[in-house]
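There's a structure below that I have some questions on.
By convention in this document, chain letters (A, B, ...) are assigned in the order of the sequence lines, proteins followed by strands, and residues within each chain are numbered from 1.
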Protein chains: 2
Amino acid sequence: MIKPQFRLDNQLCFRLYTASRLITQAYHPMLAEQGLTYPQYLVLMVLWEKDAQPVNDIAKRLRLETNTVTPLLKRMEAEGILTRTRGEEDARQIIVKLTKKGRDLQERLADVPEAIGSSLLCESVTPETIPGLYAMLDGIIRQLQEKQTNQ
Amino acid sequence: MIKPQFRLDNQLCFRLYTASRLITQAYHPMLAEQGLTYPQYLVLMVLWEKDAQPVNDIAKRLRLETNTVTPLLKRMEAEGILTRTRGEEDARQIIVKLTKKGRDLQERLADVPEAIGSSLLCESVTPETIPGLYAMLDGIIRQLQEKQTNQ
DNA sequence: CTTATTTATATCGTTCACGATGCAAATATA
DNA sequence: TATATTTGCATCGTGAACGATATAAATAAG
């Protein structure tokens with residue numbers, strides 16, 4: 001017999017893993033319309049917040065490694081969404097800047113957040129309960145983040 | 001200026017995506033010790049619950065597609081964790097059975113759930129708040145699951 | 001009893017994720 | 001100033017995920 005702690009239904013991790021995948025799938029049709037993937041959409045949001053950032057800052061903001069972000073950025077450069085240029089003061093850095101196409105995508109995707117947000121609402125997830133959900137996820141993320149960097 | 005709905009800090013999806021990745025990373029050292037990945041660990045839990053299942057049932061339980069599960073199972077077969085044999089009554093099915101090595105892994109991994117579970121606890125995530133978190137994630141998953149299958 | 005459709009699984013191509021490693025520029029140390 | 005270390009980014013290999021498509025067995029329809 002399986003030990004109860006191994007049951008999938010008792011696991012927070014499996015729920016997070018599943019929810020994350022299903023949400024990415026929910027984004028897919030809307031993003032694919034503009035030739036984007038979900039991680040690419042995340043990069044766009046980072047650059048819309050603050051344009052012209054080095055690779056490292058983008059990676060840190062997304063909590064990804066540069067070896068994940070570099071090829072991602074190269075693909076987006078090939079699509080004409082952004083440019084990658086050597087830093088002038090520090091020649092090790094690559095400064096990532098949006099092109100007009102990249103900036104314009106904010107308009108083209110304007111309806112996406114609302115569409116996704118409303119599709120998630122249900123009896124247990126409402127405008128009232130979402131702040132609590134955010135707090136719990138932020139707590140988990142902070143907890144794990146510390147654990148990773150402490151070793 | 002970026003529209004507020006595009007800010008990463010206002011996005012549930014990014015939190016889920018990040019939390020899911022960080023938890024997988026937290027599992028990594030313990031699972032790697034036994035030569036496993038997190039998705040392979042999920043397959044094990046499905047088979048510990050009920051051994052000798054067709055590929056499709058495993059995929060459904062994990063909410064994955066067979067084209068994700070098939071190569072995963074082949075790698076686990078190559079590691080001697082399970083066997084894949086044609087179904088006798090229905091020759092289209094592949095029945096997946098644990099080997100002794102696969103069954104024994106439950107003992108070898110006995111401390112993993114507790115280690116992960118306790119590493120997630122923080123002020124906003126406690127034994128009291130976790131049922132609420134489960135309910136919200138289950139709500140989101142149900143919501144998205146329905147939307148996917150309805151079209 | 002054929003032919004058509006459905007079902008179960010697999011193959012293929014693309015894009016992440018990430019550990020391990022490499023390399024060159026910048027900085028610290030001797 | 002020469003050498004060592006750190007920093008920023010990239011390359012490589014492996015293992016997911018997944019959309020699109022293929023194939024063969026089972027079942028339904030004619």
**Asked** Which pair of heavy atoms, one from Leu44(B) and one from Leu98(B), lies closest together, and at what distance?
**Response**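 Closest approach of Leu44(B) to Leu98(B): CD2-CD2, 3.7 Å.
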
**Request:** Mark yes or no for whether Gln5(B), through its side chain, and Glu114(A), through its backbone, hold a donor-acceptor pair below 3.5 Å.
**Result:** no

**Fill in**
Tyr38(B) atom OH is separated from dG15(D) atom C1', nearest whole Å, by 16 Å

**Request:** Take atom CG of Leu72(A) and atom P of dT11(D), then tell me their distance rounded to the nearest Å.
**Result:**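 Going from Leu72(A) (CG) to dT11(D) (P), I get 14 Å.
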
**Request:** Nearest whole angstrom, please: distance from the P of dC18(D) to the NE2 of His28(A).
**Result:** 10 Å

**Asked** Just checking Glu65(B): base, sugar-phosphate only, or nothing, at a heavy-atom cut-off of under 4.0 Å?
**Response** nothing

**Message:** Treating Ser118(A) as the side-chain partner and Ala115(A) as the backbone partner, does any N or O pair qualify as donor plus acceptor under 3.5 Å?
**Reply:** yes

**Message:** Can you see if the side chain of Lys60(A) gets near the phosphate of dT7(D) - specifically, an N or O under 4.0 Å from OP1 or OP2?
**Reply:**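 Negative; the distance criterion is not met.
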
**Message:** Could you tell me the boundaries of the chain B footprint on DNA chain C, defined by atoms under 4.0 Å from its heavy atoms?
**Reply:**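 Result: dT7(C) to dG19(C).
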
**Main-chain N/O of Asn56(B) paired to Thr66(B) side chain as donor or acceptor, under 3.5 Å** = no

**Asked** Do the side-chain N or O atoms of Arg21(B) get closer than 4.0 angstrom to the phosphate oxygens (OP1, OP2) of dA16(D)?
**Response** no

**Asked** dC9(D) phosphate, OP1 or OP2: any side-chain N/O from Arg84(A) under 4.0 angstrom?
**Response** no

**Prompt:** When you check the phosphate oxygens OP1 and OP2 of dA16(D), does a side-chain N or O of Thr37(B) lie under 4.0 Å from one of them?
**Reply:**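 True: Thr37(B) side-chain N/O within range (under 4.0 Å) of dA16(D) OP1/OP2.
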
**Request:** Flag yes if more than 12 heavy atoms outside Arg84(A) fall under 6.0 Å of its CZ atom; otherwise flag no.
**Result:**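 Counting neighbours around CZ of Arg84(A), more than 12 heavy atoms of other residues, nucleotides or ligands fall under 6.0 Å, so yes.
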
**Prompt:** DNA chain D: Arg92(B) or Thr70(A), which has the more 5' nearest nucleotide?
**Reply:** Thr70(A)

**Asked** Rounded to the nearest 0.5 Å, how far apart are CZ of Phe14(A) and CD1 of Ile141(B)?
**Response** 7.0 Å

**Message:** Closest-nucleotide mapping onto DNA chain D: is Ala91(B) or Leu64(B) further toward the 5' terminus? I mean the 5' end.
**Reply:**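 Result: Leu64(B).
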
**Prompt:** Could you give the CG-to-C1' distance, from Asn56(B) to dA26(D), as a whole number of Å?
**Reply:**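 Result: 14 Å.
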
**Asked** Nearest-Å distance, CD (Gln93(A)) to P (dA10(D))?
**Response** 11 Å

**Asked** Rounding to a whole Å, what distance do you find between Asp57(A):CG and dG8(D):P?
**Response**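 From Asp57(A) CG to dG8(D) P: 9 Å.
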
**Message:** Please confirm whether the shortest side-chain N or O distance from Asn67(A) to OP1 or OP2 of dA10(D) is below 4.0 Å.
**Reply:**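 So the side chain of Asn67(A) is outside the cut-off, no N or O lying under 4.0 Å from OP1 or OP2 of dA10(D).
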
**Request:** Specify the separation, in whole Å, of atom NZ of Lys74(B) and atom P of dT14(D).
**Result:**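 Lys74(B) atom NZ is separated from dT14(D) atom P by 17 Å.
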
**Asked** Which whole-number value in Å describes the distance from Glu89(B) CD to dT27(D) C1'?
**Response**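 To the nearest whole Å, that distance equals 15 Å.
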
**Request:** Using a heavy-atom cut-off of under 4.0 Å over every strand shown, decide if Pro54(B) touches base, sugar-phosphate, or nothing.
**Result:**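 The residue Pro54(B) makes sugar-phosphate contact but no base contact.
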
**Message:** Take a 6.0 Å sphere around CG of Asp9(A) and say whether it holds more than 12 heavy atoms from other residues, nucleotides or ligands.
**Reply:** yes

